[in-house]
Protein chains: 2
Amino acid sequence: MNAINAAAVAAEWSIRMADGSFAILAPESSLVTRISLSIKSFFKNLMLVFCRFLEKSWNIGMNEPRKVIHCIKVGIALSVVSLFYYMKPLYEGVGGTAMWAVLTVVVVFEYTVGATLYKCLNRATGTFLAGFFAIGIHWIANQSGKRFEPIIMGTSIFILGSAATFSRFIPAVKARFDYGAMIFILTFTLVSISGYRVKNLLNMAHERVSTIIIGASLCVITSILIFPIWAGEELHKLVISNLEKQADSLECCVAEYFSDSEDTTTNTKKMLAFKCVLNSKASEETMANFARWEPAHGNFNFQHPWKYYLKISASMRSCACCIEALTSCINQKNQASEFVRKQLTNTCQQVSSSTAEILKELAINMKTMRKSSRIDILVQEKNSTIQELETQLKQASGLLIVPKGAKNEKDEEKSVVRTSNVIPMVEIIPAATFASLVIEIATRIEGVVDAVEELSKMAKFKIEAAEKMKQSKSVIKIIN
Amino acid sequence: MNAINAAAVAAEWSIRMADGSFAILAPESSLVTRISLSIKSFFKNLMLVFCRFLEKSWNIGMNEPRKVIHCIKVGIALSVVSLFYYMKPLYEGVGGTAMWAVLTVVVVFEYTVGATLYKCLNRATGTFLAGFFAIGIHWIANQSGKRFEPIIMGTSIFILGSAATFSRFIPAVKARFDYGAMIFILTFTLVSISGYRVKNLLNMAHERVSTIIIGASLCVITSILIFPIWAGEELHKLVISNLEKQADSLECCVAEYFSDSEDTTTNTKKMLAFKCVLNSKASEETMANFARWEPAHGNFNFQHPWKYYLKISASMRSCACCIEALTSCINQKNQASEFVRKQLTNTCQQVSSSTAEILKELAINMKTMRKSSRIDILVQEKNSTIQELETQLKQASGLLIVPKGAKNEKDEEKSVVRTSNVIPMVEIIPAATFASLVIEIATRIEGVVDAVEELSKMAKFKIEAAEKMKQSKSVIKIIN
């Protein structure tokens, strides 16, 4: 009754529907109210989008506080460099070209130390080389008279600009000097054409180079001294975490295949962790490129063999591809005979867990930068589990479709059929395929082991006591 | 004797060796000759490196003439923009800020039209927004007195600089406005601090914006009018070529597995073509990002659904992973029984060739941007070949290790053993694994078919006559 009373208070038109219910007729809104409503909803949506954006940003900041630190570092560098404008003595020192210092800070400051150094060194070298060329050509043009000057300068800009642009397509140059080539074109063009109008070219070049050096060194100092983020360390951590993820992924996939529950969603995230390995190629290459420029830091020397990390990743990706093929077996696990699956459970899980163990041990080796003797033992263990699985697959023939007549014969004892289970081939093949893929993964892991071995040699990992003893024994053997 | 005479002419020391031969003792070279020799060899090496570099560049230029064209385009744009310095009326029009036009051309001119447009629009928007903010804050700071001015300005630079840097970490911003955010920081800082020293701020801002617009439009015009290279078209071509490569790769792998020759090197290049599919993720994403900015060109509208190309590639990569697993079967093909391999040859090759046929048809569909009705037929064909292969795998049980006793029994006719070949399970498993992988690839191909189907819907591919008839028939059915 209350509802009816409340409705009676506001004067409204209502209509009785066919089913006896009442529908309230809203008065036709005027143009003004409609516009105001749509404006309101527009701003509401805008606020909603903005709030969602803020939420997303907040999450990024919470998950990766180092990104926030990087932003603060950029802010600090910018504020410091702007002092050149605010403080009179500094401003008079560098003059109007203080702009170049600001420009350098904005353009050069990158997330990792390696990237910042790469850009700084490229910028400095590019500017210097271009200035040198430009002043040289300017001198030549000057000697050849007022008439030819613009022609010589224009042609040189065309030729050197095109050539430097082309050099950026050459892979070796692109990897190391892409930014430098761009800066070369920029500076060369600017100095060349300025030379035509500016009288004191050398003075201008000197001012510009010195402000660029000020900006660049400010970036390098901020980047290295305040919570440095090293590209090399990031790469190192990424490869280690990928090793661990792959180990988890493999174990999870195999466990999932042999589990009885139909619910595959619980572990999906862990199972699909190997996708990170497949997807991290580009970022690893970038990091390795930048890591090259970094000075010694932490456990890494100046010329730490970063490119060997890429080899490790490449062999990990070739394993991850097989795991990807494995996942489709999981979706079809019901096609395989349950009996065979149960038979293979133990050995398959042994193979997968010994393989995962190797991956985890490799991750630990890389983390501690030591070479443990356990790897060899683990590889041997893995190989013996593989052999066991292979034997079991051979024995699986004992479970097979036997000609129906054979059962009642007296030769029954001779027959390979050891159990009363007679399973059609079709139900064995899926399980056998799964097992073969597991074996393939376990075999391909040796590529990863070799790659880490190579890295440990190049990076001179410390050898653990046990490993040392083994090596010295073999040396003694050779001597004897 | 001649040799001895010749030796006698030049005075040289020689020594008689234990075996009776003579060895000539070279005089110990002096420091000067040694230095000159090492300098010579240094320059020789330098020349060698330089020649090799030139050769490499020449090859790149020969293989991809469009890269050379791009370089010439950059040269042209630079030469044109430098006219602003060489021609007096132009120079007086824009004043000393002509530098910004040059800077814009160098920084903004990219290989593809999309990338150039992306940078131009980002640069223009970033500059405009930053100028707007900076002048606003400058006005506020001006109102609050000489004392607070540098403090307000400094704080605003710190906060906005940090915030804009942070926004670059947000994936949605990074994909579309990364460069714009950088330009925002750059311009905001420059205008803010210049405002402190430069009197006529608005005039400066106007000059700068107009020169940037001159530079940007010069880039866009050159980029679009002279042999344009469209990111979208490149992406389209790349996906098509990847479809073709994958088809070749699959056919080649299967043929290799069933061929008798031991020599796997002949077709290795074709066999491993699928690696292109695995490795092109990063470049495809970049191209799709740039393609978004491109106007309508060729067969592509302004809002061509570029992101659907990424879906096609993703499902192609999932197939390519299985092909990668397949390649390791090829190396172990000797472990499989030759008889079983021969038995499976035809059906396996049928599956692979019908799958390859689908891929090729999809490539043709994309090339012509038509939707052919053949795809459905091909998919049906493929499915029936898969079924055939599965039946054959079932029948393979007939080739199996049978209890030895069974052979001599009278129930022989009942037995599943149809041939006299009795093959151990171990030799069947590798071939069965191979066949299962081929089936898996053929199944996964449907993901690619669906993705292309989705693209064809979104991009409104033309429907071929036959397909149209089919569709109109089904419409008639629904109406009836």
Side-chain angles (χ1 to χ4, degrees), chain A residues 56-57 60 67-68 70-72 74-75 78-79 82 85-86 99 102-103 106 150 154 157-158 161-162 165-166 169-170 182 185-186 189-190 193 196-197 282 318 321-322 324-325 328 393-394 396-397 400-406 409 411 414-417 424-426 429 432-433 436-437 440, chain B residues 56-57 60 67-68 70-72 74-75 78-79 82 85-86 99 102-103 106 150 154 157-158 161-162 165-166 169-170 182 185-186 189-190 193 196-197 282 318 321-322 324-325 328 393-394 396-397 400-406 409 411 414-417 424-426 429 432-433 436-437 440:
Chain A
K56 222 184 213 171
S57 315
I60 290 177
K67 287 188 174 166
V68 180
H70 169 70
C71 300
I72 295 171
V74 173
L78 280 179
S79 307
S82 59
Y85 272 77
Y86 296 133
M99 187 194 87
V102 176
L103 222 151
V106 176
I157 288 175
F158 180 83
S162 300
T165 306
F166 186 76
F169 286 123
I170 299 165
M182 198 182 84
I185 307 172
L186 179 62
T189 320
L190 280 185
I193 56 185
Y196 191 66
R197 297 271 169 198
S318 108
C321 264
C322 285
E324 157 88 78
S328 53
L393 280 177
K394 276 178 208 169
S397 54
L400 259 189
I401 21 65
V402 220
K404 274 172 193 165
E409 305 306 322
D411 308 76
K414 283 191 206 161
S415 102
V416 204
V417 183
M425 178 81 172
V426 223
I429 287 178
T433 306
S436 321
L437 277 174
E440 180 61 32
Chain B
K56 223 185 212 169
S57 315
I60 290 177
K67 287 188 174 165
V68 180
H70 169 70
C71 299
I72 294 171
V74 173
L78 280 178
S79 308
S82 57
Y85 272 78
Y86 296 133
M99 187 194 88
V102 176
L103 222 150
V106 176
I157 287 175
F158 180 83
S162 300
T165 307
F166 186 76
F169 286 122
I170 299 165
M182 198 182 85
I185 308 173
L186 180 61
T189 319
L190 281 185
I193 56 183
Y196 191 66
R197 298 271 169 198
S318 110
C321 265
C322 285
E324 157 87 78
S328 54
L393 280 177
K394 276 179 208 169
S397 55
L400 259 189
I401 23 65
V402 219
K404 275 173 192 166
E409 303 310 320
D411 308 77
K414 285 189 206 161
S415 101
V416 203
V417 185
M425 179 81 172
V426 225
I429 288 179
T433 306
S436 320
L437 278 174
E440 179 62 33

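Computed from heavy atoms alone, side chains included, the values below leave out hydrogens, waters and symmetry copies.
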Check your understanding: Between B:L186, B:V102, B:I157, which has the largest tally of heavy atom pairs under 4.5 Å with chain A?
Key ->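 Looking at each option in turn, the highest pair count goes to B:L186.
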Check your understanding: Which residue out of B:G161, B:S436, B:C322 racks up the most heavy-atom pairs below 4.5 Å with chain A?
Key -> B:S436
Exercise for review: Check whether B:E324 gets within reach of chain A through its side chain, its backbone, both or neither, counting any heavy atom under 4.5 Å.
Suggested key: both
Point to revise | For the student: nearest non-hydrogen atoms of A:F158 and B:G75, plus distance | key: CD1-C, 3.3 Å
Point to revise | Shortest non-hydrogen contact from A:F166 toward B:S57 | key: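 Closest heavy-atom pair between A:F166 and B:S57: CZ-O, 3.3 Å.
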Review point. Could you give the distance from CG (A:L437) to CG (B:L437), rounded to the nearest 0.5 Å?
Key: 5.5 Å
**Study point:** CD1-CG distance between A:I193 and B:L78, expressed to the nearest 0.5 angstrom
**Key:** 8.5 Å
Point to revise | Donor-acceptor under 3.5 Å (B:S162 side chain, A:C71 main chain) | key: yes
Review point. Pick from A:M182, A:E440, A:K56: which one has the most heavy-atom pairs with chain B under 4.5 Å?
Key: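 Looking at each option in turn, the highest pair count goes to A:E440.
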